[in-house]
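See structure below.
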Amino acid sequence: MKSMSNFEKRFGKYAIRNISLVLVLFYACGYLISWVNEGFLGYLTLNPYAILFGGQIWRLVTWLIIPPEGFDFFTLIMLYFYYSIGTTLENTWGTYRYNLYLFLGMIFTAAGSFAMMGFFYLFRPEVLLVYGAENFFFQISTMFSTYYVNMSIFLAFAATFPNMQLLLFFLIPIKVKVLGIIYGAMLVYQFIVGYIDPSVTIANRFVIAASLLNFGVFFFTSRNMIHMSPKQVRRRQEFRREVRKSTNITRHKCAVCGRTEESNPELEFRFCSKCDGNYEYCQEHLFTHTHVKHQ
């Protein structure tokens with residue numbers, strides 16, 4: 001954790017605040033594109049074959065705007081839900097660490113797509129011969145989406161707030177850790193059983209492994225952040241606010257006029273050796289003030 005703190009000091013200023021809203025806006029762009037020309041989304045997916053052999057390097061980024069299938073009321077509820085838990089995690093962990101968690105998930109997903117392509121070329125070349133490599137990777141490229149990245153956010157939320165209750169279907173109270181266990185079981189089932197087409201099953205296993213790798217890194221490097229109650233979260237947030245306030249405290253202040261090195265950086269400040277106590281004065285009042293004497 002010490003090394004991570006050093007990185008945070010160096011790169012924390014580049015962290016994107018409210019990044020969950022940014023991801024939702026990406027989805028909004030994806031929906032707009034799909035309504036104008038749905039086929040164009042095929043040129044934005046995470047297709048490792050097109051990136052390596054077609055030079056379409058923009059796909060390394062544009063896959064982030066591929067939205068969930070369909071757009072209805074439940075999609076809006078889902079997006080709001082992920083925005084809410086993402087914002088809560090950002091407030092709890094801090095902007096830098098939440099950014100790091102998301103970007104790791106994206107990097108692992110992209111790396112998983114290339115690892116999957118390498119697997120088929122090395123161990124299942126017959127699949128590429130039957131379907132054609134370009135067509136095969138184009139068809140399964142949509143599997144490498146932000147879906148599992150979002151679900152890894154939920155796993156992290158469940159690990160951080162295991163006893164928080166949610167209303168399932170707006171009616172049934174259930175603890176987040178129960179939902180996390182259910183989702184984990186679903187992942188294991190999908191990983192083992194897979195699909196009817198074995199080639200699709202292999203690709204999906206790479207996707208699932210990438211998302212679990214992201215959560216595994218979080219779990220083993222951030223144990224001090226899990227199992228936090230809402231009261232602990234509030235205390236952490238209050239502490240951070242106090243720290244920010246303390247960094248704004250001035251070190252030099254004139255005892256006569258009240259000017260500081262922040263309000264007047266051109267002034268010099270000195271302590272008076274003839275006053276009883278630690279009284280500091282600006283250059284204009286250092287020799288003109290009345291000395292403080294305690295009887």
Side-chain angles (χ1 to χ4, degrees), residues 16 18-86 102-103 105-117 119-121 127-154 183 186-187 190-191 194-211 214:
I16 304 172
N18 206 7
I19 193 174
S20 297
L21 178 60
V22 175
L23 295 179
V24 172
L25 293 177
F26 279 177
Y27 285 153
C29 293
Y31 280 120
L32 288 176
I33 293 174
S34 66
W35 294 335
V36 175
N37 185 358
E38 185 175 3
F40 186 72
L41 289 178
Y43 294 96
L44 306 179
T45 58
L46 184 57
N47 185 339
Y49 183 91
I51 295 172
L52 287 180
F53 301 108
Q56 301 175 14
I57 59 175
W58 63 81
R59 292 177 180 268
L60 289 171
V61 178
T62 56
W63 66 277
L64 298 175
I65 73 172
I66 303 297
E69 293 184 2
F71 183 81
D72 50 27
F73 175 75
F74 292 102
T75 302
L76 292 176
I77 295 296
M78 180 196 68
L79 293 178
Y80 176 75
F81 174 72
Y82 283 115
Y83 168 76
S84 298
I85 65 175
L102 283 181
F103 285 123
M106 298 170 188
I107 292 172
F108 288 148
T109 301
S113 69
F114 287 97
M116 177 270 302
M117 183 178 70
F119 177 87
F120 276 102
Y121 270 106
V127 174
L128 304 182
L129 291 176
V130 172
Y131 294 100
E134 182 176 0
N135 178 66
F136 176 77
F137 291 117
F138 177 81
Q139 294 297 326
I140 67 173
S141 63
T142 55
M143 299 181 64
F144 290 88
S145 67
T146 56
Y147 170 79
Y148 286 104
V149 176
N150 288 333
M151 294 308 290
S152 71
I153 296 175
F154 176 72
Y183 171 65
M186 290 173 54
L187 279 181
Q190 292 177 11
F191 189 89
Y195 298 85
I196 297 177
D197 190 336
S199 59
V200 177
T201 298
I202 293 173
N204 192 56
R205 284 174 178 172
F206 276 94
V207 179
I208 294 175
S211 67
N214 182 34

Exercise. Quick one: do F138 and Y49 satisfy ring-ring contact (aromatic ring centres under 6.0 Å, His included)? Show the steps, please.
Key: CA-CA 8 Å; F138 177 81; Y49 183 91; over 10 Å; no

Quiz item: Taking T201 for the side chain and Y195 for the main chain, is one N or O donor matched with an acceptor at less than 3.5 Å?
Solution: yes

Self-check item: M143 versus V200, closest heavy-atom pair with distance
Solution: CE-O, 3.7 Å

Practice problem: Supply the atom-to-atom distance M116 CE to I202 CD1, rounded to the nearest 0.5 angstrom. | Solution: 10.0 Å

Practice problem: Can you measure from CZ (F137) to CG (L52) and round to the nearest 0.5 angstrom? | Solution: 9.5 Å

Quiz item: More than 12 foreign heavy atoms under 6.0 Å from CZ of F81: is that the case here?
Solution: yes

Exercise. Answer yes or no: are there more than 12 heavy-atom neighbours, outside L21 itself, under 6.0 Å from its atom CG?
Key: yes

Self-check item: Closest approach of G86 to I153 (non-hydrogen atoms, all atoms of both residues)
Solution: CA-CG2, 4.4 Å

Quiz item: Any side-chain heavy atom of W35 sitting closer than 4.5 Å to one from L32?
Solution: yes

Self-check item: Aromatic centroids of F206 and F119 separated by under 6.0 Å
Solution: yes

Quiz item: Is the count of non-hydrogen atoms from other residues, nucleotides or ligands lying under 6.0 Å from Y43 atom OH greater than 12?
Solution: no

Quiz item: With no hydrogens and no angle check, do the side chains of D197 and S199 hold a donor and an acceptor under 3.5 Å apart?
Solution: yes

Quiz item: For P48 and S113, which heavy atoms make the closest approach, and how far apart are they?
Solution: CG-O, 3.5 Å

Quiz item: Do D72 and T75 have side-chain N/O donor and acceptor atoms under 3.5 Å apart?
Solution: yes

Quiz item: How many angstroms lie between CZ in F74 and CG in L79, if you round to the nearest 0.5 Å?
Solution: 13.5 Å

Quiz item: What distance separates I65 CD1 from L41 CG, expressed to the nearest 0.5 Å?
Solution: 7.0 Å

Exercise. Before giving the answer on side-chain contact (heavy atoms from CB on, under 4.5 Å), spell out for I85 and F154 the whole-Å C-alpha distance, their side-chain angles and the decisive distance to 0.1 Å.
Key: CA-CA 7 Å; I85 65 175; F154 176 72; 4.2 Å; yes

Quiz item: What is the minimum heavy-atom distance between L128 and F136, and which atoms define it?
Solution: CD2-CD2, 3.7 Å

Exercise. Look up atom CD1 in I51 and atom CH2 in W63, then write down how far apart they are to the nearest 0.5 Å.
Key: 10.0 Å

Exercise. Would you sort out whether I66 and T45 count as a side-chain contact (heavy atoms from CB on, under 4.5 Å), showing the intermediate values?
Key: CA-CA 7 Å; I66 303 297; T45 58; 4.2 Å; yes

Self-check item: Nearest heavy-atom neighbours spanning M106 and V149
Solution: N-CG2, 4.4 Å

Quiz prompt | Step-by-step side-chain contact (heavy atoms from CB on, under 4.5 Å) determination, F103 to N214 | solution = CA-CA 9 Å; F103 285 123; N214 182 34; over 6 Å; no

Quiz item: When rounded to the nearest 0.5 angstrom, what distance separates CD in Q56 from CG in L44?
Solution: 9.5 Å

Quiz item: In chain order, what residues pass the side chain to side chain contact (heavy atoms under 4.5 Å, CB included) check against P68, with sequence neighbours excluded?
Solution: Y27, Y31, M78

Practice problem: Dump the intermediate steps for side-chain contact (heavy atoms from CB on, under 4.5 Å) on V22 and I16, then the final yes or no. | Solution: CA-CA 9 Å; V22 175; I16 304 172; 4.2 Å; yes

